[in-house]
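Working notes for the structure below.
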Amino acid sequence: MTDLFSLRGKSALLTGGSRGIGHEMACGLRDAGALVHVLDCADPSEPLEAISFNKADITKSDEVERIISEAEADGVVFDILVNNAGVTFSDESQTYPDEFWVKTLEVNLTSVFRLCQRIGLKLIADGRSGSIINVTSIGALQGFPMNPAYGSAKGGVRQLTKALACEWGQYGIRVNCLAPGYTRTPMNAKSWHNAELQKQRADRTMLSRWAEPDEMVGPLVFLASDASSYMTGADLVVDGGWTSKGL
């Protein structure tokens, strides 16, 4: 059973690993045995021990290409890609600023496609299988107000995941989504520190609480490992029952 979830001998590229869910994911992949490379535009909030960190703007293709190419030149073979980086800008849809829309789609959708394309192309050329995990959100599954760009981007990533899974299954490349619910991270700090909003969101779940960042590690390792070898094009929703709850 330990071997089933092991990532020994694997190399992973993860975006947005400096804080929150991404930081816990990077450490979780490392602890499962993977050689982990993190890309983020911000310095880590806590040390990323035994993890390779590169400060990079993932919307700049040449910057990302240089880092990946340098790693490959050093003998790194990426078997796992985790597209976790994301931004969010809240505002009313009728007056939503164009710059918010453009930035959100660049980071949350376009860069995801480019990284999938880059890693997928290499896997196909080398005749190797691999696992791509795109971190979406319950916002990709349900409607939420005051953030049209975030929901649109995450919904786009969800459909992109299915399209790539359909196209690349023949090469043994699996592509899945990990969709967290409300999690206690810096991105959600505004809602977390508002007692009314915090309770409102907790009450929407079946477990009556928010997720902690490290609760996304188990699902991620599952998707990255051979434990999910017959799973592709799927949404693994980790939301405390939010999207399944009726009354």
Residues that [X] engages under side-chain contact (heavy atoms from CB on, under 4.5 Å), provided they are two or more places apart:
X	result
F144	I138, Q142, Y182, W242
T2	none
S69	E65, R118

Is it true that a side-chain atom of [X] and a backbone atom of [Y] form a donor plus acceptor pair closer than 3.5 Å?
X	Y	value
D235	V237	no
D239	T243	yes
D40	S18	yes

Residues forming a side chain to side chain donor-acceptor pair (under 3.5 Å) with [X], sequence neighbours excluded:
X	answer
T183	none
S225	none
T88	N147
T185	none

I'd like to know whether R128 forms a salt bridge (charged side-chain N to carboxylate O under 4.0 Å, His left out) with D126, so could you lay out the CA-CA distance, the side-chain angles of the two residues, the decisive distance to 0.1 Å, and finally the verdict.
CA-CA 5 Å; R128 294 182 293 107; D126 291 348; 3.4 Å; yes

Per the side chain to side chain donor-acceptor pair (under 3.5 Å) rule, what does the pair list look like for residues 93-112, sequence neighbours excluded?
E92-Q94

Sequence neighbours excluded, every pair satisfying side chain to side chain donor-acceptor pair (under 3.5 Å) that has a member inside residues 4-15:
D3-R8, S6-R8

Just grab all the ring pair (Phe, Tyr, Trp, His ring centres under 6.0 Å) pairs involving residues 69-91, residues at least two apart or on different chains.
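Of all non-adjacent pairs touching residues 69-91, those that pass ring pair (Phe, Tyr, Trp, His ring centres under 6.0 Å) are H37-F78, F89-F100.
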
Atom pairs and distances, donor-acceptor, side-chain atoms in residues 22-31, under 3.5 Å, two or more places apart:
from: H23; atom 1: NE2; to: E46; atom 2: O; distance (Å): 3.3
from: R30; atom 1: NH1; to: E49; atom 2: O; distance (Å): 2.7

Distance-only donor-acceptor pairs under 3.5 Å for side chains of residues 209-223, two or more places apart:
from: R209; atom 1: NH1; to: E215; atom 2: OE1; distance (Å): 3.0
from: R209; atom 1: NH2; to: E215; atom 2: OE2; distance (Å): 2.7
from: W210; atom 1: NE1; to: Q198; atom 2: O; distance (Å): 2.9
from: E212; atom 1: OE1; to: R184; atom 2: NE; distance (Å): 3.2
from: E212; atom 1: OE1; to: R184; atom 2: NH2; distance (Å): 2.8
from: E212; atom 1: OE2; to: R184; atom 2: NE; distance (Å): 3.1
from: E215; atom 1: OE1; to: E212; atom 2: N; distance (Å): 2.8

Hey, is NZ on K245 packed in by over 12 heavy atoms from elsewhere, all under 6.0 Å?
yes

